[in-house]
Every structure is written in C-alpha cells, then in structure tokens.
Peer 1: 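Sharing a structure below in structure tokens format, with a few things to ask.
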2 protein chains.
Amino acid sequence: MKRASIKDIARIAGVSVATVSYVLNKKEGSRISESTKDKILKIAEEIHYTPNKIARSLKMSNSKLIGLIVPDISNDFYSNIARCIENEAMKLGYTILIGSSDENADKFGKLTELFSGQQVDGMIVTPVTGSDDAVKRLLRDEYPVVSIDYYLKDIDLPAVTLNNFEISEQVFDYFIKHDVEELIYIGYKTDLPHLLDRQYGFERKISEMGLTSTKILVEMGEVSDEVHAELKKHFKITSRKTALYFLNNKIAIAGLHYLVKNKIRVPEDVSVIAFDGIDAYSLFPTEITYIRQPLEEMAVQAIKLLDGQIKNFSDEAEKAVCPAELVIRKSVK
Amino acid sequence: MKRASIKDIARIAGVSVATVSYVLNKKEGSRISESTKDKILKIAEEIHYTPNKIARSLKMSNSKLIGLIVPDISNDFYSNIARCIENEAMKLGYTILIGSSDENADKFGKLTELFSGQQVDGMIVTPVTGSDDAVKRLLRDEYPVVSIDYYLKDIDLPAVTLNNFEISEQVFDYFIKHDVEELIYIGYKTDLPHLLDRQYGFERKISEMGLTSTKILVEMGEVSDEVHAELKKHFKITSRKTALYFLNNKIAIAGLHYLVKNKIRVPEDVSVIAFDGIDAYSLFPTEITYIRQPLEEMAVQAIKLLDGQIKNFSDEAEKAVCPAELVIRKSVK
DNA sequence: CTGAAAGCGCTTACAG
DNA sequence: CTGAAAGCGCTTACAG
C-alpha cells in the first residue's frame, strides 16, 4: 500500500511541493499560472493522488475526527442517535469514531484516552456513573466535550438533554386524565441524573396527588429476567385501573415481552406508556403510546455545541434542552 | 487545548527527545538508566502527557484506525455487528470509524475516499450495488479491505459471508416437513448477491418440488407500506397451509406488523420464519422461528482477515463462510 | 547510557 | 508567479 504524495507530483511536474500544495488546496490568494495548475491537477489524477490527512492533521493540529462514546452502540436508541450524529457531522466535514462504554467508568475513561490520543477534535459523550474524573481530565486540557442524553450533576459541561422531569409529569397527568388508580414505574437502580429526573418528575406528582404507586427498580444490564420477575411479583390484574410506565426502550421491551407472553391485554387489563419510539413496538398487538425523543434535533444541537467549542473553546457550558413529545396511540384506556 | 509533547518532557528533564521516546515506548533494547527513566516518567505524569498518535501514525505509516462502512448503522442488525466488530478491533488496538452508505454507491465511494484519506489501516465494508469501481480503486492501491455480509460477484475480495443459499434450503425443508402447501417469499428487488443467494436457495427447492409459491419483491428503503400492500394483495387466509419467509429483519418487522395489525394469528392462520434474531421479535404474540446469524463469529473472522491483510497484504482473497442457524420456536405449525 | 539528525507528508509565511 | 525552508510531534538507525 504505497501511496502517491505531494512530493511525487512535484517531482513529475518539475515544480516545488509548495506549488503543488497551493494548487491542490485551491487557495485564491496565491496565483499560480493556469498551465502549471492544469499540469499538476492532471498528474494528481493520473497517479491517483489522495491527500494524507494524517500529515495535514499534524501540521494543522486538527483531525476532523469526532469521538462518540455511547453506552452501547447495539442499543437501538444509541444506534439511531449515532446515525443522526453521523449525518450532522459529515455536513461539517467531521468523521465519527465510535466507542461503547457498557456503563462502565473504566471503559469510559479508556475510551476518552484512546480518542484524545487519536487527536479527535472533540467528543460527544454519555458520561456514565463514576466518569467525573475522566471528564475533568478532558476539561483540564480544554478538550471540547459535550454530553448528550446523559449529563453530570457535579460538572458543568456543554450538554444536550431532554426535558426529562417535565415529560414524566406530562405522562403522569395523562394517566390521571384517564382515571388511572394505580401506577407502576419501572426503572433502574441508578445514580444517573437524567434517569432520576424521569423518576422524580413522576414521584413529585404522585406525592402531590396521594396515589397508590409502586416503584420497580432493576439493575442495569440484562434487565429481562428481573423485569419479568418483578412484574410477576407486583402486578396483578384487578378491577382497579392500573398503568405501567417504562423508563426506556430496554425496559419497555422486557416489560412488553412479559405482557404479551402472559397474554395480558393492553389497554384492557393494563395501560402502558413507554419511553422511546422504536420499530420494535410495532410488533406488539396494541399500538403503544410512547415518548418520542427528538433525535435529529439532539444530534444537530450536539454537533452545533461541539463545533462551537472546537472553533472557540469557552468555559461557559452552553445547554440545549430538547423537548420530548408524548405520542398518543392506543395503550392507555 | 494545548497539549504537552515529548519535547516539553525533554526540556524539563534536560534530556533529548530521543531518550524520552525510548523511555515512553519501553524499548527493551535501549538501556536507559533507571534514574532518568523515573525522572521522565514522573514528568510525563505531572504535565499530563499523552502521546500524539497522529504524529506517530505519520512516522510509522499506520493509524490503528479501521473504517467500517455499513448500509445503515441505525439498523438493528448492523449496529449489533458494529458492536461485535468494535469489541474485536479493540482487542487488537484498533479504533473504529463508522459510516453509513444508505445502499448508495456514491455515498459508499465518498466514504471509502474519506476513510482512506484519514489513513485508516483497512476497511470492513458492505459493498452495495454499483460500488465495484470504488472497491477496485481500493484494491489497486493495495488497500486492505474485507467485505462482510454483502459480497461482490465480479470482484474477488477477502470476505465474510453467511451460508445464505444453504440456510434458505434448510428453511424450505423445514416448511416441507411441516406440510406447508403454499409459500410466500418476501424479499427485495435487488442485485445484491448475498440476498439473491437467499432467494435462489429457496427457488431451487421450489422448482424441484413443484410447489405453489409467490415471490413478493419490494424496493429497498422504507419497505413498510409496500410490504403491507403486497401482503394484502397476495395473502389470504385459506384452508391451505401457508407460510411466509421474510428475507431480513427490516422486512420481517414490516410483515409481522401487518400480521399483528390485521389480527392474523401465527401459526394458526399462517406460519412464519424470519431472518435475523432481533429483540423486537419478542414483542410479537408468537415466538418467531428465525435464522440466527453468528455475529460474533462474523466479527472475529472479519477482523482476523483484515488484520492479516494489514500485516501482510495478499492478492489471494481469503473467505470465511459462517453458518447461520435455524432457531426453532413456535411460528411454524 | 544518551544525543544529533533525518524523515514521515503536509502547510504557509516569507523572499524573490 | 514560484521556491526554499521551517515546523507539526513523533521514531529510529547511527554515532559516540
């Protein structure tokens, strides 16, 4: 894999590398004669020249690379958001490096080091529990970072978040409007602020209204078995109107699987609202009422904030709060 | 974002950059005194030195970057395989660049140029229809490339594929064993060899046995509406035992959605086998019998072939055929 | 045991 | 209109 360089072109054309560089970069300022320009371009074409961006990066100290760290790229939600970020990044000439942290602070730290070693111009990250130190290191070196979806309680970072608290309140209000008498919230045992916001938005309303409610919290990871076991324990079909609220797509899939497996009818036997609109919901017998996250907008904002930081680093941590939307379908009676 | 360099360490330690480089790279050969070694390491730590891989890449002419081009990273199948590839790549010290081609030869070509410009050490690609020229360009420059899932009919490339033809034959045999009288195959209008293999494996058996069969072919892209319309046209519940075979996860989701929406029972009214085992299937009222692709194995093989090509480029296009597995559940009666 | 020097492939201010 | 030269941050063969 030997590739042509600017030097090869210069040699063949009988000009200096500087001239070649000017021509290839189409600089307006430097006036090169049309004839040499043509000659250079033709030779470049002939010997299949492609610029070495590594060399360019070294000289220019920018790589046009962006690191994206998500919990798990195989998760539908993150692969969808990755796709949106890819689209937006390409528009600005950036290429995406991807890494999955598995919610593990160690892996997260390794990934930030790997990416900063690769000289990415900036990173879009979902900072997991315990990742404060890794993020601080980045900030200390004035590394452009923006968090997305996740955010950190104790570190002020440019961030793209959802209106988690408010959307949970809306879900609650919607249930109440439908005279739900008992609520089961199914979420994670976690310290992650964005997930706690979803929980708190709900809980505050519950305590205000004095409603019966159960909170099921499972360990992050392979949630399926635990969700099934907990639902079996806490959910019975009764004459009281009961509703389930699933914290995210992973829990929703586990929960809906439990319902369909046990032939529990939605919304006849129980009402349901789930976070995230994923294709999978379409295979469930009832159209699920869900919370849509505006992925495209989140991606646009993340790239905008990051690009801003790359071009002009600032300590002021700008925030973009994107509004989720409750998409009404047929799973609440 | 000013970062410490080897030069800074050298200056502070009062040694040459060569010495610093030797220490940092822990070369056994060159014996540096313990005292300077310690000094250098301590300073590196203190000033938060991280090696600049861009500079290293330029000198070493390798980047430890691998480009991954898939049709769409937001598709469940590809995000799952991307995750497996990420895992395997990391083990060998590679980082992954990701791009989505949207089945578009132009985008595919742009991505290969982008990635080769970024000096990736090699690429794992799904070569779409019309991408022959782009792939040839890569090969001409002796660029390490391996195809995965997709493959090209007219270009001999190291490739990781599925036993597409054979697994379709197995599906057919399984249907026959269950006395299915009518078959509906739902696939794409496409030239993609790996998808045609799935189709042909099926068709050969059909012509051998002289069975009634319908072939529904939809345009690639947003398949949902077309799949629904075609199923409506070609599928009626009758006394004959009918079976559906879905070419991939996207078509399966559209098809299963149609069934659940129209309250068509599986397997009472119709039998079903779908390609790819995705989480979404668990929300369908019946456990779907599906074809499992061995993603981990495919990823392992792809990285192995690619790493081999990177270390020692060869024109012999090695192949790895990974066996799919028919996972029997309850959607065939 | 350690350093001076060349070079990877570019860009760009400066000189002519 | 064009070129010589410095330099980005590394590695490594060579010399001492």
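Note on naming: letters A, B, ... go to the chains in the order of the sequence lines (proteins, then strands), and numbering restarts at 1 for each one.
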Peer 1: May I have the distance from R3(A) (atom CZ) to dG9(C) (atom P), rounded to whole angstrom?
Peer 2: 10 Å

Peer 1: Given atom CD1 of I40(A) and atom P of dT11(C), what is their separation to the nearest angstrom?
Peer 2: 13 Å

Peer 1: Would you say a side-chain N or O of T19(B) is under 4.0 Å from OP1 or OP2 of dG3(C)?
Peer 2: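 Yes.
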
Peer 1: Nearest of dA4(C), dT12(C), dC10(D) to any side-chain atom of A18(B)?
Peer 2: dA4(C)

Peer 1: Would you say that L162(B) contacts D149(B) through its side chain, given a criterion of any heavy-atom pair below 4.5 Å between the two side chains?
Peer 2: no

Peer 1: Any chance you could lay out the salt bridge (Lys or Arg N to Asp or Glu O under 4.0 Å) test for R83(B) and D72(A), step after step, and finish with the verdict?
Peer 2: CA-CA 8 Å; R83(B) 183 61 211 273; D72(A) 180 6; 2.9 Å; yes

Peer 1: With the side chain of Y22(A) defined as its heavy atoms from C-beta on, choose the nearest nucleotide among dC10(C), dC10(D), dT12(C).
Peer 2: dT12(C)

Peer 1: Could you go through the side-chain contact (heavy atoms from CB on, under 4.5 Å) check for Q309(B) and E318(B) one step at a time?
Peer 2: CA-CA 10 Å; Q309(B) 285 290 77; E318(B) 221 177 313; over 6 Å; no

Peer 1: Tell me which nucleotide, if any, is Watson-Crick or G-U wobble paired with dA13(C) when both distances must be under 3.5 Å.
Peer 2: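 With both distances under 3.5 Å required, dA13(C) matches none.
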
Peer 1: Between N52(B) and dC8(D), does any side-chain N or O lie under 4.0 Å from OP1 or OP2?
Peer 2: no

Peer 1: Of V17(B) and P51(A), whose nearest nucleotide on DNA chain C comes first from the 5' end?
Peer 2: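 It is V17(B), whose closest nucleotide lies nearer the 5' terminus.
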
Peer 1: Among dC10(D), dA4(C), dT12(C), which nucleotide has an atom closest to any side-chain atom of K59(B)?
Peer 2: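 Among dC10(D), dA4(C), dT12(C), the one nearest the side chain of K59(B) is dC10(D).
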
Peer 1: What's the closest nucleotide to the L58(A) side chain, out of dT11(D), dG9(C), dA4(C)?
Peer 2: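 Among the listed nucleotides, the one closest to the side chain of L58(A) is dG9(C).
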
Peer 1: Out of curiosity, I69(B) CD1 to T112(B) OG1, how far, rounded to the nearest 0.5 Å?
Peer 2: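 Between I69(B) CD1 and T112(B) OG1, I get 5.5 Å after rounding to 0.5 Å.
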
Peer 1: Nearest of dA4(C), dC10(C), dT11(D) to any side-chain atom of S16(B)?
Peer 2: dA4(C)

Peer 1: Which listed nucleotide (dG9(C), dT12(C), dC8(D)) is nearest to the side chain of K7(B)?
Peer 2: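 Minimum distance to the K7(B) side chain belongs to dC8(D).
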
Peer 1: Using OP1 and OP2 only, check whether a side-chain N or O of T36(B) sits under 4.0 Å from dC1(C).
Peer 2: no

Peer 1: Among dC10(D), dT11(C), dT11(D), which nucleotide sits nearest the side chain of R56(A)?
Peer 2: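 Among dC10(D), dT11(C), dT11(D), the one nearest the side chain of R56(A) is dT11(C).
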
Peer 1: Where the side chain of S33(A) is defined as all heavy atoms beyond and including C-beta, which of dT12(C), dT2(D), dG3(D) is the nearest nucleotide?
Peer 2: dT2(D)

Peer 1: Rounded to the nearest angstrom, tell me the gap between atom CG in L24(B) and atom C1' in dT2(C).
Peer 2: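 It is 16 Å, rounded to the nearest whole Å.
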
Peer 1: To the nearest Å, how far apart are D8(B) CG and dG9(D) C1'?
Peer 2: 10 Å

Peer 1: So, does S5(A) get its side chain near the phosphate of dC8(C), meaning an N or O under 4.0 Å from OP1 or OP2?
Peer 2: no

Peer 1: Roughly, in whole Å, what's the span from CD in Q118(A) to C1' in dC10(D)?
Peer 2: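 Taking CD of Q118(A) and C1' of dC10(D), I get 14 Å after rounding.
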
Peer 1: From CD of Q119(B) over to P of dC10(D), roughly how many Å is that when rounded to an integer?
Peer 2: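 Q119(B) atom CD is separated from dC10(D) atom P by 18 Å.
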
Peer 1: Would K64(A) and K53(A) satisfy side-chain contact (heavy atoms from CB on, under 4.5 Å), going step by step from the backbone distance to the final call?
Peer 2: CA-CA 9 Å; K64(A) 298 308 264 177; K53(A) 294 224 188 83; 5.9 Å; no

Peer 1: Between dT12(C), dT11(D), dG9(C), which one does the side chain of S21(A) approach most closely?
Peer 2: dT12(C)

Peer 1: Rounded to whole angstroms, how far apart are NZ on K39(A) and P on dC1(D)?
Peer 2: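 From K39(A) NZ to dC1(D) P: 15 Å.
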
Peer 1: In whole angstrom, what separates N62(B)'s CG from dT12(D)'s P?
Peer 2: 10 Å

Peer 1: For E86(B) and S100(A), which I'm curious about, is there any donor-acceptor pair between the side chains at under 3.5 Å?
Peer 2: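 Yes, a side-chain donor-acceptor pair sits under 3.5 Å.
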
